[in-house]
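Data block below; observations after.
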Amino acid sequence: MSTVVQAEILDAGEGPIEGEPSRWARAWRPVEDWLIALVDRANPILVKETRQALKSRQFVITFLVVLVACWIVSFIGIAWIGPEIYWAAAGPTLLKGYYVVLAIPLALIVPFSAFRSLAAEQEEQTYELLSITTLSSRKIITGKLASAAVQMVVYLCAVSPCIAFTFLLRGVDAMTISVVLAGMVLGSMGLSMISLLIGAMARLRGTQVVTSVILILGLALACVGGIALGWMIIQSGSGFMREEEFWIVISVMLTFYITFFGLFHSAAAAQIAFVSENRSTPLRRWMMVQQACFCGWMAAGIYYELSSTSGNGANNIGEALVAATVFATGYWAVMGALLTGEWPLLSRRVQRSLPQSTLGRTTLSLFNPGPGTGYLFAASNLTMLIAVGLILLVFRGPATGRFVTTESIACLLVLSWSYVVGYLGVGRLITVLLRRWIFVPLTAAFLVQILLVMVGSFTPLVIQMTSRQLRNQGYSLLQISNPFWTLYELVNRGSSSVQAEVLVWIVPAAAVAVLLLNMRSVATELMHHRVAPPVRVLEEEAALHVPVVKPSNPWEIEEDDH
Amino acid sequence: MVAVHQQRRPLIELRHLHRYFGPTKAVYDMSFEVYAGEVFGYIGPNGAGKTTSMRILATLDEPTYGDALVDGFSVVDDPDRVRRRLGFMPDYFGTYQNMNVVEYLDFFARAYGLHSMQRRSAIDYAMEFTLLDQLADKPINGLSKGMKQRLSLGRTMIHDPAVLILDEPAAGLDPRARIELREMIGRLAENGKTVLISSHILTELAEMCHRVGIIERGHLLAVGTVEEISSRTQTRSEVRLRVLRDVEGLMNYLRQRDDVRDVAVRQGHVTMTHDGGPEEQAALLRQIVDSGFEVVEFASKAKSLEDVFMTVTAGLVQ
Ligand SMILES: Nc1ncnc2c1ncn2[C@@H]1O[C@H](COP(=O)(O)OP(=O)(O)OP(=O)(O)O)[C@@H](O)[C@H]1O
Ligand SMILES: [Mg+2]
């Protein structure tokens, strides 16, 4: 027993207090109990990694290096500024220095060690031991994230006195400092999440080195970008933060940050979850949330634009619609390409939790795992967005854009929808066909989709480039299967330059045909019924949840009391 | 009645388990059951498929066909329920940097959802059981092979699982540690645990297992108690006998029989190879005596467990 207590670094505080406890001791006691309970219930991985970090030489060294770097920045900074320090606003100069000192551990070391800690679990084969515990894959990812957060806080604490010092030097206000620091914290957590997702995906030993190198390069780039952005904010001060637009932009970015964070978290957990687990539905829920946020912000943006430019009628809604369409199309193309690659067979475990009621089956079946429902999910979400866009166009009438005509926006909406639905559908059919003979994992199916789009785009391009007559002609209907050039041409040169009157008939018709071709197999997927769990499971459930006999009315309790 | 029923409840059940790695059929149509409180030995040469099938049971891998059940729960459909009642000790030791023995056990106890006092007593019990008390503060990177094996066993039993799956726990242990390990497994069985334990060596397991299964190339060749298997495999044995007189007549008599070969005289004894198990041998002796020969000595060399193993397995590797 004694050895256990000794080693429980964080659980310390056992043993009765001799004699009469002082008032402080008595007041402290509940806090202590609460702390013990907190550590006791904390994520196991967080506890483990904090203990490990406290003992790890690498962590102590980086921590000291950060401290020393802060001193060096302080000394060099003060020497550089010279005697002016007594009257000039030297805050920004020093803050920039500290920002760099903090950015390197936060944007490089913390995310990379999160990646490494997941990869090391797999290399040391501890991951298997961990995965057969009752810890869920979500909790594993959360634990790794929490450890990254703790590390981050430690680095922040090391640098915080210096940052307080810059505040005293004047020239930066608390607002700027808070915004810059908050950005850093969010950036660091976001990068850690992405690194964890990559770590969870890079299961193969051979790819580890390549992945590490690419990740380090990416993180370094993000670090440099972050430093540039931070310096810009420090330089310009908090003046622009008083503008309404700044906070709107921040809110928009925050919604995307949070929803992507959630999506990546689910994706990382799905990567390491057991095969029979339902790994698709949580991801689709996050996509739905993103879709809702996107719609919300678009609506708010258009309302804002309309209310601010009511005078002459000219506004940026057309351009905004084009940008939104491009974004939404790209988003659902990528997500659709991933969703259509899912494995078609549902595990019995998944089949047990399928929606059962008529209402559930009609509304929630699209959330069931499977490539067919995935295709329909992506297609219907995109359809919804495009429909909203078209409705907006119709109700706002002509001349909504400064550079684009209503007609070309309408064409853009219809064509983007058709291209995404068409290509995803064809890609899915190819995958279905391939799966008759060979094993096609999700990544391969995703590659099939990318290859398909590339073939569709580059084949006509190459034909045109190699043909003597067509070479200098610019866009022609030959490029009908090339979505990039077609849509680019449409937006930049207007609908007449791409013979839109032809395109808007052929392409959507083809897309609808592909959609219908897919429908048979999609329908079979939608027909999946819930299967009853095995008797053994029901038995255990019944044994675990013995129904508590609750008093049916408030008077029963009184009767019991008497 | 209830008790009997409880005892015969299979805690581990393989149902036509198949696992292919490309062309390699690591496990092929394997079915057997292990009952509550039983120690089941799992024996086979290198590459037989022991680790593969154990990993499937431990929810680390999934079968190509078939299913495996732990306490009635499918490892494919209900891995979470299986994990709660199963401890797996793999043939490797997963190590962490900057960690000592207690912290290691504490981590896994937390990972299995044990809290406060429950966790402390589980750690204490595991350390006491595996004789690790003295090593509590030792960094796990500095542990010897034997200590690691013990710690690994401690980790396996930290959440008090009903089923323990041990993959070659005795590999690399010195004789003393082997005996200690055997005692630990004996105690686990006494506590009502169901243990599936693998090894290359039948003799090693013969003493501690209630039943064994012999596998090779993914096929289950024999299941049963060691005695059952060895008597079943005793299809041919060396028999030696001595008669008072008429050695020539005996030899002629024996040569006429179909089930006897290689009859010879060595140092006054008649030796031969006899096809058949113990029952057939008794019949042979009776017939010899009935035919009027005065037998004073009859001995058959029983096969050692090694021989049994060699007979059952064909020494094939895939
Ligand atoms: N991940 C894998 N990929 C490909 N083949 C595998 C894999 N795991 C096991 N095998 C093959 O399956 C067969 C059974 O291997 P397994 O490890 O189960 O044997 P074993 O009985 O545990 O052997 P040993 O006594 O050497 O531990 C071997 O032929 C092996 O090559
Ligand atoms: Mg093995």
Side-chain angles (χ1 to χ4, degrees), chain A residues 1-9 11 36-37 39-49 51-59 120-121 124-136 139-140 143 273-277 347-352 531 533-537 539-541, chain B residues 55 58-62 67 69 71-84 86-90 92-116 119-121 123-124 127 132-137 139 152 155-156 158-159:
Chain A
M1 186 67 217
S2 64
T3 44
V4 176
V5 174
Q6 219 175 0
E8 299 257 313
I9 300 164
D11 288 20
I36 291 175
V39 175
D40 187 55
R41 298 267 159 178
N43 189 303
I45 294 191
L46 172 64
V47 176
K48 180 207 93 182
E49 299 211 337
R51 279 177 181 169
Q52 279 179 294
L54 289 177
K55 288 194 203 172
S56 125
R57 199 170 295 156
Q58 175 250 327
F59 180 72
E121 298 258 15
E124 300 280 349
Q125 293 183 299
T126 45
Y127 181 69
E128 294 202 328
L129 302 179
L130 192 55
S131 69
I132 56 168
T133 64
T134 45
L135 208 60
S136 68
K139 278 209 179 138
I140 293 177
F274 193 67
V275 255
S276 67
E277 212 73 50
S347 69
R348 274 166 297 187
R349 188 178 171 77
V350 170
Q351 287 180 33
R352 268 188 229 160
V531 296
V535 180
R536 186 72 183 87
V537 172
E539 267 174 27
E540 199 197 35
E541 283 299 308
Chain B
R55 283 173 58 85
T59 72
L60 282 172
D61 199 355
E62 42 162 1
D67 204 350
L69 282 79
D71 196 11
F73 294 108
S74 155
V75 293
V76 183
D77 297 342
D78 292 291
D80 47 341
R81 290 169 209 268
V82 169
R83 285 168 184 172
R84 243 178 276 149
L86 177 131
F88 176 53
M89 175 174 167
Y92 55 81
F93 177 78
T95 185
Y96 281 118
Q97 304 296 319
N98 302 309
M99 209 181 224
N100 65 28
V101 168
V102 201
E103 287 168 351
Y104 189 74
L105 290 177
D106 180 74
F107 171 57
F108 282 100
R110 281 171 191 269
Y112 276 107
L114 301 180
H115 293 302
S116 54
R119 191 175 70 240
R120 300 224 178 110
S121 54
I123 296 170
D124 283 346
M127 291 214 299
L132 283 169
D133 315 47
Q134 309 302 317
L135 305 174
D137 295 326
S152 194
R155 183 201 59 226
T156 306
I158 196 85
H159 57 302

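Below, chain A is the first sequence line, B the second, and so on; all start at residue 1. Computed from heavy atoms alone, side chains included, the values below leave out hydrogens, waters and symmetry copies.
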In terms of heavy-atom proximity below 4.5 Å to chain B, should Ser131(A) be classed as side chain, backbone, both, or neither? both
Closest non-hydrogen atom pair, Asn98(B) against Ser56(A): ND2-CB, 3.3 Å
Presence of salt bridge, Asp106(B) and Lys48(A), under 4.0 angstrom: no
Report the option among Leu105(B), Asp71(B), Ile158(B) that has the most heavy-atom pairs separated by less than 4.5 Å from atoms of chain A. Asp71(B)
Is there side-chain contact between Pro90(B) and Leu129(A), with at least one heavy-atom pair below 4.5 Å? yes
What verdict does the side-chain contact (heavy atoms from CB on, under 4.5 Å) test give for Thr133(A) and His159(B), after you've listed the backbone C-alpha separation in whole Å, the side-chain angles of each residue and the deciding distance to 0.1 Å? CA-CA 9 Å; Thr133(A) 64; His159(B) 57 302; over 6 Å; no
Does Phe107(B) reach the side chain of Gln52(A), with side-chain heavy atoms less than 4.5 Å apart? no
Looking only at heavy atoms, what is the nearest atom pair of Ala111(B) and Leu130(A), with distance? CB-CD1, 4.4 Å
Ring-face cation of Arg51(A) near Tyr96(B) (centre distance under 6.0 Å, axis angle within 45°): no
Measuring from Arg84(B):CZ to Thr134(A):OG1, what's the distance to the nearest 0.5 Å? 7.5 Å
Arg349(A) versus Ser74(B): any side-chain heavy-atom pair under 4.5 Å? no
Side chain, backbone, both or neither: which part of Glu539(A) has an atom under 4.5 Å from a heavy atom of chain B? neither
Using side-chain heavy atoms (C-beta onward) and a distance below 4.5 Å, is Gln58(A) in contact with Gln97(B)? no
How close do Arg110(B) and Val39(A) get, heavy atom to heavy atom, and via which atoms? NH1-O, 2.9 Å
Start with the C-alpha distance between Asp67(B) and Arg348(A), add both sets of side-chain angles, then the distance that settles salt bridge (Lys or Arg N to Asp or Glu O under 4.0 Å), and finish with yes or no. CA-CA 12 Å; Asp67(B) 204 350; Arg348(A) 274 166 297 187; 3.8 Å; yes
Is Arg536(A) salt-bridged to Asp77(B), going by a charged N under 4.0 Å from an acidic O? no
With a 4.5 angstrom heavy-atom cut-off, could you sort out which part of Tyr112(B) is near chain A: side chain, backbone, both or neither? both
Holding to salt bridge (charged side-chain N to carboxylate O under 4.0 Å, His left out), I want the full list of residues that pass it with Arg81(B), two or more places apart in sequence or in another chain. Glu540(A), Glu541(A), Asp78(B)
Part of Ile140(A) lying under 4.5 Å from any heavy atom of chain B: neither
Contact origin within Val537(A) toward chain B - heavy atom pairs under 4.5 Å: both
Go through the atoms of Arg352(A) and report whether side chain, backbone, both or neither lie under 4.5 Å from a heavy atom of chain B. side chain
Report the residues that fulfil salt bridge (charged side-chain N to carboxylate O under 4.0 Å, His left out) with Glu62(B), sequence neighbours left out, ordered by chain and then residue number. none
Closest non-hydrogen atom pair, Asp40(A) against Arg119(B): OD1-NH1, 2.7 Å
